[in-house]
Amino acid sequence: MKKRENWSWRGAFIFAVLGSAVGLGNAWRFPYMVAQNGGGAFLIPYIFALLTAGIPLMLLEFGIGHKYMSAPPIAYRRAGKGLEMVGWWGNAASFVIITYYGVVMAWAINYVVHALNLSWGEDTTGFFLNFLRVSEGPGVLGRINIPVLISFLIGWIMVVAIVYSGVTGVGKVVMVTATMPVILLIVLAIRGFTLEGAAAGLDYYLSPNFAALSNLAVWRDAYSQVFFSLSVGMGVLIAYASYLPRDAEIANNVFIASLADAGIAFLAGLAIFSTVGYMAAQQGAAVADVAGSGGLGLAFMVYPKVINLLPGAPFFGVLFFLLLITLAIDSQFSLVEGCIGAIMDKWNLKRSTAVAAVSLPGFLIGLIFVTDGGLHWLDIVDKFVNSYGLIVVGLVECIVLGWIIGPKKIRDHVNGLSEIKVGGWFDFCVKYLTPAALIFILVYNLVIDLKVPYGGYPQWALNVGWVMVILLPVIAFILSKLKTAGEADEYMEEQN
Ligand code: PFF
């Protein structure tokens, strides 16, 4: 059997996991979620979701990847007959994210250049919509946006170069891509604290409204956020853990990764809301109005406005969009690596072939999001893959591990390696608590999405989202039935 690639230094794995976990989700989604869902009080459901879903699923994925020494499909294949499809399902969902995550990174690359002379002017929202030439709806694709295309290509070239260099290369690159965002965030937070009006922004971000906790939507958001932020349900963590040496510690890595991810999200909130508070003070507006649009809107429409007002504007503008790029790139290549690993392990392919097999289609399909109608499609695809793709895969993982493989098998494996012992609570979570929470989110989302068309899009466009969600397991099933290279099954024979 070929020797498996390995992380080349001790910290590489945890840096790579953090690089994957800490992404746009931490910097943009988290602060916005906190502000919208009860301020400081949101930390309660968030921590609850972290303990009951995030940490158990991370343990599950690390455990499976390490025990069965393979990327998701073959890891599940080794774990039990007929389970290979579960692995492909996660990979299929992650492939969907791959196609659009790189486009957001492409905007950020463009914005670094725009920051140099603050070319977004005063009407930053108008600039953003103009820059993307956003069409009136998903039915109008229009043309490819050349500046975005160029930076999209640059982004992909960087990602391909990194994954092509193998696990050793990834392990080196993450030293920079996982630490840079933290340094940049600290700089931006310190800058933010010293601005006038910062206190009002932080007050809006953190002052707890405990009444919000009785709202089910707040709990739904907490679970979804933890899920997306920790990169679980995508197979990425399984692939990364499969490159660990045999005697690696697992449990403490899970605790470090999940707590650090949450801590960095919290830090991002401090940086963003202190600065948003400054902007509100400058304009005599309420913080809530300034922070009104969350997610990408906050990054590309609100933040440039704040940058305009800052002393030393271009410098902080460049810093800020560099932050976005360094946040996004290691999440993107982790998703790509998960798929590459899957293909390499299944068909025993050369890395270069697997890189091409994932990157080329990823780039080509991504071109949809580089058109004038791209923003609409990005919004729709992101919504469906997050509300249904990820959550369903997480649920299936829990059911398979909890009820077919048996959580104790993975727990024993993890406990055999670590000083920190994982207790029976893990079994309880994987069997009952986590699936119950995920079913709750699914049903909740379904009820809302069937009642109100998401984002006001026409039904035919939303149907594309539904079809995509349904196709994921179909594709996974087909892939799992394709012939496997002999090596993939050698492990089983060794074990039996
Ligand atoms: N965790 C990343 C973020 O917070 O932006 C996004 C992500 C990366 C999700 C990798 C899933 C994944 F497998």
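One is the number of the first residue; the rest follow in order along the sequence. Just so you know, ligand 1 is whichever comes first in the structure, and atom 1 is the first atom listed for that ligand.
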Under 3.5 Å between any N/O of [X] and any N/O of ligand 1: does that happen in this structure?
{"X": "S334", "answer": "no"}
{"X": "G25", "answer": "yes"}
{"X": "I97", "answer": "no"}

So if I count the atoms of ligand 1 from 1 in the order they appear, which ones are less than 4.0 Å from some heavy atom of [X]?
{"X": "S229", "value": "1 (N), 4 (O)"}
{"X": "M234", "value": "11 (C), 12 (C), 13 (F)"}
{"X": "N26", "value": "4 (O)"}
{"X": "S20", "value": "1 (N), 2 (C), 8 (C), 10 (C)"}
{"X": "Y101", "value": "2 (C), 3 (C), 5 (O), 6 (C)"}
{"X": "V236", "value": "13 (F)"}

Would you call the rings of [X] and [Y] parallel, tilted or perpendicular if under 30° counts as parallel and over 60° as perpendicular?
{"X": "F363", "Y": "W156", "answer": "perpendicular"}
{"X": "Y457", "Y": "Y454", "answer": "tilted"}
{"X": "F128", "Y": "F131", "answer": "tilted"}
{"X": "Y46", "Y": "F30", "answer": "perpendicular"}

Point to revise | is_close_aromatic(W377, Y100), centroid dist under 6.0 Å | key: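 No, the ring of W377 stays outside the 6.0 Å limit from the ring of Y100, centre to centre.
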Check your understanding: Roughly how far, to the nearest 0.5 Å, is OG of S224 from CD1 of I391?
Key ->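 Answer for the CD1-OG pair, I391 versus S224, is 4.5 Å.
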Review point. In the protein, what heavy atom is nearest to atom 10 (C) of ligand 1, and what distance, to one decimal place, separates them?
Key: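 The closest heavy atom on the protein side is S231 OG, 3.3 Å.
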Check your understanding: Can you name the closest pair of heavy atoms from S274 and F193 and give their distance?
Key ->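 Reported closest heavy-atom pair: OG-N, 3.9 Å.
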**Study point:** Per-residue contact class, F228 against ligand 1 - non-hydrogen pairs under 4.0 Å
**Key:**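 The answer is both.
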Review point. Relative to atom 4 (O) of ligand 1, which among A21, S331, S94 owns the nearest non-hydrogen atom?
Key: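 It is A21 whose heavy atom sits nearest to atom 4 (O) of ligand 1.
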**Study point:** Heavy-atom proximity to atom 13 (F) of ligand 1, best of N91, V104, L335, L390
**Key:**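 Closest candidate by heavy-atom distance is L335.
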**Study point:** Option from K67, E5, R4 for which side chain to side chain contact (heavy atoms under 4.5 Å, CB included) with S242 holds
**Key:**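 It is R4; the other options fail the test.
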Review point. More than 12 non-hydrogen atoms from neighbouring residues, nucleotides or ligands closer than 6.0 Å to OH on Y444, yes or no?
Key: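 Yes, OH of Y444 has more than 12 neighbouring heavy atoms, counting only those of other groups under 6.0 Å.
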